[in-house]
Amino acid sequence: MPKILPEENGNYGIDCSNALWATSEIQSCYHHAKLHLLKNADFIIETESELLIVEYKNACIPNACNSSTFNPKDDKTVNSIILKYYGTLPYLAIKGKHKPGRFIYVLEYPNGDSVTRKRLRERIMKELPFKLQEDMKTGIKMITGVDVLSIDEWNHNPVYSRFPLVKLT
């Protein structure tokens, strides 16, 4: 397993030295299998108790895709992020990874702030299977939480800081 998993632009990476298991191969697996309808998260990091399902978007770096038009509050953007959680589940099932997941959206964009990230977190949570797992009363947790964080917030979080986001270039 590579020690640092780079994000798609190669500017940042997640140091997974302390992970039980980690990957960024989902998109290439889906592409090879011609599963073009499935959207996927960028990274999965396995800890002792859960799977961190991580989507990363940095619209503040030079040459970022669509950085000038990126709007994290746009319905289409939010729905796309939500679909990345659901689209990652088949990969996890096939890999035999059955720990509960925590969905994390690491988000950097011009004029981003903690209030906007908190509102975005609330919107995302409404569309994930928290109520379903509660209503089914099996005691099985599929998802344990959602976080929307900046890189700095990720790197200062007691759990996530074990896997720091580091600048590569």
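Residue numbers run from 1 in the order of the sequence given.
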ask   = Looking at E25 and K95, does any basic side-chain N land under 4.0 Å from a carboxylate oxygen?
value =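 So E25 pairs with K95 through a salt bridge.
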SB check R123 D75 (cutoff 4.0 Å) =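 A salt bridge is present here (some side-chain N lies under 4.0 Å from a carboxylate O).
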task = May I ask you to check whether S17 and D15 show a side-chain donor-acceptor distance below 3.5 Å?
result =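 Judged by distance alone, the side chains do pair up.
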I'd like to know if the side chain of [X] reaches the main chain of [Y], judged simply by a donor and an acceptor atom lying under 3.5 Å from each other, with no hydrogens or angles considered.
X	Y	answer
T88	A41	yes
Y30	Y91	yes
K73	R119	no

task = Could you tell me whether H36 atom NE2 has more than 12 heavy atoms of other residues or ligands within 6.0 Å of it?
result =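 Result for NE2/H36: enclosed.
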ask   = Within a reach of under 6.0 Å around NZ of K39, are more than 12 heavy atoms found that belong to other residues, nucleotides or ligands?
value =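 No, NZ of K39 has 12 or fewer neighbouring heavy atoms, counting only those of other groups under 6.0 Å.
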Output side-chain donor-acceptor pairs under 3.5 Å for residues 138-146, partner residues at least two apart or in another chain, one line each.
{"unit_1": "T138", "atom_1": "OG1", "unit_2": "I140", "atom_2": "N", "d": "3.1"}
{"unit_1": "T144", "atom_1": "OG1", "unit_2": "E50", "atom_2": "OE1", "d": "2.8"}
{"unit_1": "T144", "atom_1": "OG1", "unit_2": "G101", "atom_2": "O", "d": "3.4"}

Just verifying a value: how many Å separate [X] [atom1] and [Y] [atom2], rounded to the nearest 0.5 Å?
X	Y	atom1	atom2	answer
I53	N40	CD1	CG	11.0 Å
K57	D42	NZ	CG	10.0 Å
N18	K3	CG	NZ	9.5 Å
L149	W154	CG	CH2	8.0 Å
S24	E7	OG	CD	10.5 Å
E8	Q27	CD	CD	7.0 Å

Any side-chain heavy atom of [X] within less than 4.5 Å of one from [Y]?
X	Y	result
I104	Y56	no
I124	V148	yes
L20	K99	yes

If I compare all heavy atoms of [X] with all of [Y], which pair ends up nearest, and what's the gap?
X	Y	answer
P110	C60	N-SG, 3.5 Å
L168	P6	CD1-CB, 3.8 Å
G87	L38	CA-CD2, 4.2 Å
G10	T169	O-CG2, 3.4 Å
Y85	P129	CE2-CD, 3.8 Å
C16	L5	SG-CD1, 3.7 Å

Using the rule that Ile, Leu, Val, Met, Phe, Trp and Tyr join whenever any side-chain heavy atoms are under 4.5 Å apart, tell me whether [X] and [Y] fall into a single cluster.
X	Y	answer
F43	L83	no
F130	L51	yes
M136	Y86	no

inquiry  = Test: side chain to side chain donor-acceptor pair (under 3.5 Å). Region: residues 157-168. Which pairs qualify, not counting sequence neighbours?
reply    =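 Side chain to side chain donor-acceptor pair (under 3.5 Å) check on residues 157-168 returns E48-R162, D147-Y160.
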inquiry  = I44 and side-chain contact (heavy atoms from CB on, under 4.5 Å): which single residue from L52, I26, V54 fits?
reply    =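 Of all the options given, the one that passes is I26.
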query = Passes side-chain contact (heavy atoms from CB on, under 4.5 Å), L120 versus Y105? Steps please.
reply = CA-CA 10 Å; L120 186 54; Y105 185 20; 3.7 Å; yes
CA sep, side-chain torsions, deciding dist, call: Y12, V106, side-chain contact (heavy atoms from CB on, under 4.5 Å) = CA-CA 12 Å; Y12 284 85; V106 179; over 6 Å; no
